[in-house]
Amino acid sequence: MSSRSHLLNDRTAEQYKRSVTEGVERVAEKLVRTEQPFTGVTPSELAPRISGIDLEQPLSDPAAALDELEEVYLRDAVYFHHPRYLAHLNCPVVIPAVVAEAVLSAVNSSLDTWDQSAGGTLIERRLIEWTAGRIGLGKSADGIFTSGGTQSNLQALLLARDEACRSVQKDSATPVPRTDILPRLRILTSECSHFSIEKAATLLGLGAEAVISVPCDQDRRMRAPALARELERCERENLVVMAVVATAGTTDFGSIDPLPEIAELCEQAGTWMHVDAAYGCGLLVSRRRHLLTGIERADSVTVDYHKSFFQPVSSSAVLVRDASTLRHVTYHADYLNPARMVEKRIPNQVDKSIQTTRRFDALKLWMTLRTMGADGVGELFDEVVDRAADAWKILNDDPRFEVVTEPQLSTLVFRYVPPASTVATDPGLADRINLHAREALFASGAAIVAGTVVDGDHFLKFTLLNPETTLDDISTVLELIAAHAGRYLSERQTAAQAGPTGTDPALSGPRAS
């Protein structure tokens with residue numbers, strides 16, 4: 001078979017149809033046969049299989065390549081559609097979006113310029129307009145699709161940085177070099193905000209030290225009075241707060257900062273307000289929309305459709321209240337988007353993006369809305385939030401577990417609590433037992449949960465994004481965690497009775513039993 005026969009065109013359309021159909025059938029069969037979210041394979045087991053493949057010797061036959069893929073990927077992949085995958089912010093995906101994924105990959109539009117995408121440009125713009133309308137940003141709003149929340153936060157803070165520099169220079173009686181302003185810039189955000197805020201500050205040349213952490217309350221929400229004090233302190237010290245970042249759905253707790261109070265403080269201080277709603281954006285189509293009250297006063301907003309809109313990765317956007325602020329990322333190249341195109345009103349999305357080549361990821365959301373509707377997506381998101389509320393009651397009533405806070409969204413942070421008598425003699429036991437339980441559960445493949453650190457202690461985390469996850473699934477996973485914890489305690493007791501030669505079960509690695 002010649003190399004040209006693999007190119008997708010009019011002559012190979014039938015071959016394309018057969019090959020894609022076979023690939024889809026393989027995945028569909030795998031979805032049907034998947035009995036748990038993971039096989040428990042380890043890096044040391046899987047790595048030799050992949051490193052042993054000679055990439056200089058192609059298989060040529062697509063069916064043979066799919067057979068090999070089954071061995072090195074499909075068999076041991078982590079399957080987010082399984083109801084006992086409860087770890088990270090990974091959602092099962094809706095079929096209309098997967099259909100769109102196949103379409104956009106085959107056509108392969110690049111969304112940087114009109115002459116590479118045509119209707120794709122207008123579809124993306126319409127979705128930005130729709131999202132801005134759901135947020136309530138007003139008629140002057142605009143935005144762009146991005147690769148994810150980290151990039152969206154980076155672009156929002158880039159715009160905030162340049163707006164802050166422009167404002168300082170405008171208000172100064174004498175010229176102020178930008179290099180003199182940058183060291184004075186600060187970003188205020190909650191202590192529970194996403195790590196991408198510090199990463200963005202570093203990438204923007206400000207350094208992680210430019211990010212000031214604002215304390216949270218017992219529900220892990222930013223304390224508005226503490227923010228007010230930090231704003232006042234920065235003003236006294238001649239520092240420029242270029243942005244306040246509020247979070248609508250923290251990664252660990254799903255907590256939503258007090259957006260109206262933060263918006264009021266930002267308006268009083270003349271400071272850019274950014275809302276990281278990467279997780280909480282599902283509320284835009286939910287019956288709980290009121291939880292986002294105040295987001296409409298933001299200067300910029302991050303949304304991740306691939307978290308709470310059930311879209312395949314990647315599908316995210318950054319939106320701004322004032323479209324003119326996007327000029328800070330506008331650069332013209334004669335070969336791509338010459339300035340004269342602006343005069344001709346040619347819509348080039350690269351004028352708004354920090355990326356050049358971009359996939360037509362907007363098509364996935366478009367097909368979802370045109371097939372299911374916004375209410376259909378919201379119904380799915382409300383289901384997982386409802387499930388988290390019921391799961392919190394189970395955890396809160398179970399003396400074997402300690403839960404940190406009642407969820408606003410669909411995340412639960414908790415840990416197994418060993419008997420008080422054992423903790424009294426071994427203060428670090430709770431940390432070790434929860435780490436062990438999580439690792440042993442993962443090694444078994446029966447379920448996957450996440451972990452995090454709260455106030456210096458190790459906790460476990462459920463992130464519920466699958467409407468198919470039932471309370472029975474959650475109860476079963478809790479029993480598995482308790483069983484692994486109990487086995488750890490039993491082995492520890494046996495080791496202690498054996499004397500100094502006994503082995504700490506934590507040192508022998510997780511058990512898959």
Side-chain angles (χ1 to χ4, degrees), residues 128-144 149 152-153 155-164 166-167 185-190 192-194 197 200 212 214 216-217 219 221-232 234-235 240-250 254-304 308 316-326 328 352 408-409:
I128 289 293
E129 179 186 28
W130 175 81
T131 306
R134 284 273 172 167
I135 295 171
L137 291 178
K139 294 183 179 180
S140 297
D142 203 351
I144 195 76
S152 293
N153 287 339
Q155 179 161 344
L157 291 175
L158 183 156
L159 303 180
R161 179 198 66 183
D162 288 359
E163 282 294 293
R166 182 190 65 82
S167 179
L185 296 182
R186 296 294 182 271
I187 301 167
L188 305 187
T189 190
S190 93
C192 295
S193 65
H194 196 259
I197 306 305
I212 297 174
V214 180
C216 290
D217 61 20
D219 293 321
R221 303 165 74 237
M222 184 191 291
R223 295 181 184 271
L227 173 62
R229 288 193 293 272
E230 286 295 342
L231 287 166
E232 293 168 0
C234 287
E235 184 176 12
V240 179
V241 179
M242 68 177 231
V244 172
V245 178
T247 308
T250 59
S255 51
I256 300 171
D257 288 336
L259 302 180
E261 292 93 331
I262 293 171
E264 190 66 29
L265 290 170
C266 288
E267 288 177 11
Q268 293 173 6
T271 297
W272 183 287
M273 177 183 175
H274 175 63
V275 177
D276 179 0
Y279 177 11
C281 64
L283 295 172
L284 294 172
V285 292
S286 158
R287 68 174 185 268
R288 296 175 169 85
R289 172 62 178 81
H290 62 279
L291 293 177
L292 290 181
T293 297
I295 196 173
E296 70 281 356
R297 300 167 69 179
D299 294 286
S300 57
V301 178
T302 286
V303 296
D304 268 9
S308 45
S316 179
V318 59
L319 298 104
V320 293
R321 165 180 300 283
D322 180 0
S324 70
T325 59
L326 291 171
H328 296 301
K352 307 174 184 180
Q408 286 184 284
L409 294 180

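- A 4.5 Å side-chain heavy-atom check between His274 and Val301 finds every atom pair outside the cut-off.
- The minimum heavy-atom distance between Leu157 and Ala243, with the atom names listed, is CD2-CB, 3.8 Å.
- To the nearest 0.5 Å, the span separating SG on Cys234 from CG on Leu188 amounts to 5.0 Å.
- The shortest distance between side-chain heavy atoms of Arg186 and Glu230 does not fall below 4.5 Å.
- In terms of heavy atoms, Arg297 sits closest to Glu264 at NH2-OE1, 2.8 Å.
- Of all heavy-atom pairs between Cys266 and Val244, the closest is SG-CB, 3.6 Å.
- To the nearest 0.5 angstrom, Asp276 atom CG is 10.0 Å from Ser300 atom OG.
- At least one donor-acceptor pair under 3.5 Å links the side chain of Arg321 to the backbone N or O of Ala298.
- Residues Leu159 and Asp299 have side chains not in contact (no heavy-atom distance under 4.5 Å, counting atoms from C-beta outward).
- With a 4.5 Å cut-off on side-chain heavy atoms, Gln155 and Leu326 count as touching.
- Within the 4.5 Å cutoff, the side chain of Asn153 has no heavy atoms near those of the Val245 side chain.
- In this model, no donor atom of one side chain and acceptor atom of the other lie less than 3.5 Å apart for Ser255 and Asp219.
- Residues passing the side-chain hydrogen bond (donor to acceptor under 3.5 Å, both in side chains) test with Thr325, sequence neighbours excluded: none.
- The line from CG of Leu284 to CD1 of Ile135 is 5.5 Å long, rounded to the nearest 0.5 Å.
- Here the SG-CZ distance, from Cys216 to Arg221, works out to 9.5 Å after rounding to the nearest 0.5 Å.
- Judged purely by distance below 3.5 Å, without hydrogens or angles, the side chains of Ser152 and Ser316 pair a donor atom with an acceptor atom.
- The pair Glu232-Arg229 fails the salt-bridge criterion, with no side-chain N (NZ, NE, NH1 or NH2) lying under 4.0 Å from an Asp/Glu carboxylate O.
- Between Arg288 and Ser286, the shortest heavy-atom contact is N-OG, 2.7 Å.
- Atom CD of Glu235 has 12 or fewer heavy atoms from other residues, nucleotides or ligands within 6.0 Å.
- Remark: the backbone N or O of Ala246 is not paired with any side-chain donor or acceptor of Asp257 at under 3.5 angstrom.
- With values rounded to the nearest 0.5 angstrom, Glu163 atom CD is found 12.5 Å from Thr271 atom OG1.
- Inter-residue side-chain proximity for Met273 and Val275 is flagged as met; some heavy-atom pair is nearer than 4.5 Å.
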(message) Using side-chain contact (heavy atoms from CB on, under 4.5 Å), reason through Ile212 and Val241 one step at a time and then give a plain yes or no.
(response) CA-CA 10 Å; Ile212 297 174; Val241 179; over 6 Å; no
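- The shortest non-hydrogen separation linking Ile144 to Lys352 is CG2-O, 3.8 Å.
- Arg289 places a side-chain heavy atom less than 4.5 Å from the side chain of Ile295.
- Of the possible donor and acceptor atoms, none in the side chain of Ser140 sits under 3.5 Å from a partner among the backbone N and O of Asp322.
- Side chains of Thr247 and His194 form no contact here, defined as non-hydrogen atoms less than 4.5 Å apart.
- Of all non-hydrogen atoms in Ala248 and Leu292, the two that sit nearest each other are CB-CD2, 3.7 Å.
- At distances below 3.5 Å, at least one donor-acceptor pair connects side-chain atoms of Gln408 with backbone N or O atoms of Ile256.
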